[in-house]
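Worksheet for the structure shown next.
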Amino acid sequence: MTFYEKELNRIRSIVYSNEGQINTVIGIRNYIENNYDLDLNLELLSHTQLISKFHLLRLFKKYYGQTPRQYLIDKRIEKSKEHLTIGLSVTETCFAVGFESLGSFSTLFKTKTGKSPTEFQKEQLSRSEIDSEFGTLEY
């Protein structure tokens with residue numbers, strides 16, 4: 001083994017020393033991304049990667065800076081913006097992205113975006129009307 005191969009192996013062992021943890025957390029994140037509309041909880045998420053729910057909380061927070069629940073809420077809000085923009089009603093959007101209560105959805109949406117879902121939707125619809133009327137400006 002050459003000096004450079006040894007150095008590469010040494011560096012790889014430092015950089016990828018937590019590869020198992022990283023793969024576990026990425027797996028959880030991908031599961032949330034693909035199943036955000038389901039009733040996800042910490043117990044279910046921990047079972048998908050065969051990890052303790054408390055260890056999962058620590059790892060997810062370490063690598064993403066937020067808990068899996070916070071990440072799930074952000075994903076649902078992001079997807080709800082898409083649904084509202086294409087014209088789904090607030091109620092349809094609420095249930096399509098996995099919220100079980102219209103009130104909690106509206107409150108969370110306003111907290112995260114600064115606008116109620118209805119205000120957001122009206123703003124998006126008026127923007128699309130302006131864009132279609134005048135066309136988009138290119139610089």
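From a predicted model like this one, the values you see are computed outputs, not experimental measurements.
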Taking all atoms of both residues into account, what is the closest heavy-atom pair of [X] and [Y], and its distance?
X: Ile32; Y: Leu40; value: CA-CD1, 4.1 Å
X: Leu57; Y: Pro68; value: CD2-CD, 3.7 Å
X: Leu45; Y: Ile28; value: O-CD1, 3.0 Å

Residues which pass ring-ring contact (aromatic ring centres under 6.0 Å, His included) with Phe120, listed by chain and number, not counting sequence neighbours: Phe109
With a 4.5 Å cut-off on side-chain heavy-atom distances among I, L, V, M, F, W and Y, is there a chain of contacts connecting Phe95 to Phe105? no
Verify, without hydrogens or angle tests, whether Ser126 (side chain) and Glu123 (backbone) share a donor-acceptor contact under 3.5 angstrom. yes
Verify, without hydrogens or angle tests, whether Ser80 (side chain) and Ile77 (backbone) share a donor-acceptor contact under 3.5 angstrom. yes
When rounded to the nearest 0.5 angstrom, what is the spacing between [atom1] in [X] and [atom2] in [Y]?
X: Lys110; Y: Thr118; atom1: NZ; atom2: OG1; answer: 10.5 Å
X: Asn35; Y: Lys75; atom1: CG; atom2: NZ; answer: 11.5 Å
X: Leu56; Y: Ser46; atom1: CG; atom2: OG; answer: 6.5 Å
X: Lys115; Y: Lys122; atom1: NZ; atom2: NZ; answer: 13.5 Å
X: Gln21; Y: Ile26; atom1: CD; atom2: CD1; answer: 11.5 Å
X: Ile73; Y: Tyr71; atom1: CD1; atom2: OH; answer: 13.5 Å

Would you say CD of Glu100 has more than 12 non-hydrogen atoms from neighbouring residues, nucleotides or ligands within 6.0 angstrom? no
Arg29, CZ: over 12 other non-hydrogen atoms inside 6.0 angstrom: yes
[X] vs [Y] side-chain heavy atoms within contact, under 4.5 Å:
X: Tyr36; Y: Leu72; result: yes
X: Asp74; Y: Gln66; result: yes
X: Ile51; Y: Leu59; result: yes

Name all pairs fulfilling the salt bridge (charged side-chain N to carboxylate O under 4.0 Å, His left out) condition that reach into residues 47-56, sequence neighbours left out, sorted by first residue then second. Glu43-Lys53
For residues 84-91, dump all side-chain donor-acceptor pairs below 3.5 Å to protein atoms at least two apart in sequence or in another chain.
{"unit_1": "Thr85", "atom_1": "OG1", "unit_2": "Lys81", "atom_2": "O", "d": "2.7"}
{"unit_1": "Ser89", "atom_1": "OG", "unit_2": "Glu92", "atom_2": "N", "d": "3.0"}
{"unit_1": "Ser89", "atom_1": "OG", "unit_2": "Glu92", "atom_2": "OE1", "d": "3.3"}

Report the residue from His83, Glu82, Glu78 that forms a side chain to side chain contact (heavy atoms under 4.5 Å, CB included) with Val97. His83
Residue among Lys61, His55, Lys62 satisfying side chain to side chain contact (heavy atoms under 4.5 Å, CB included) with Arg58: His55
Any cation-pi pair here, Arg76 with Phe99, using under 6.0 Å and within 45°? yes
Pair Tyr64-Gln70, side chain to side chain donor-acceptor pair (under 3.5 Å): steps then yes or no: CA-CA 10 Å; Tyr64 291 109; Gln70 291 166 330; over 6 Å; no
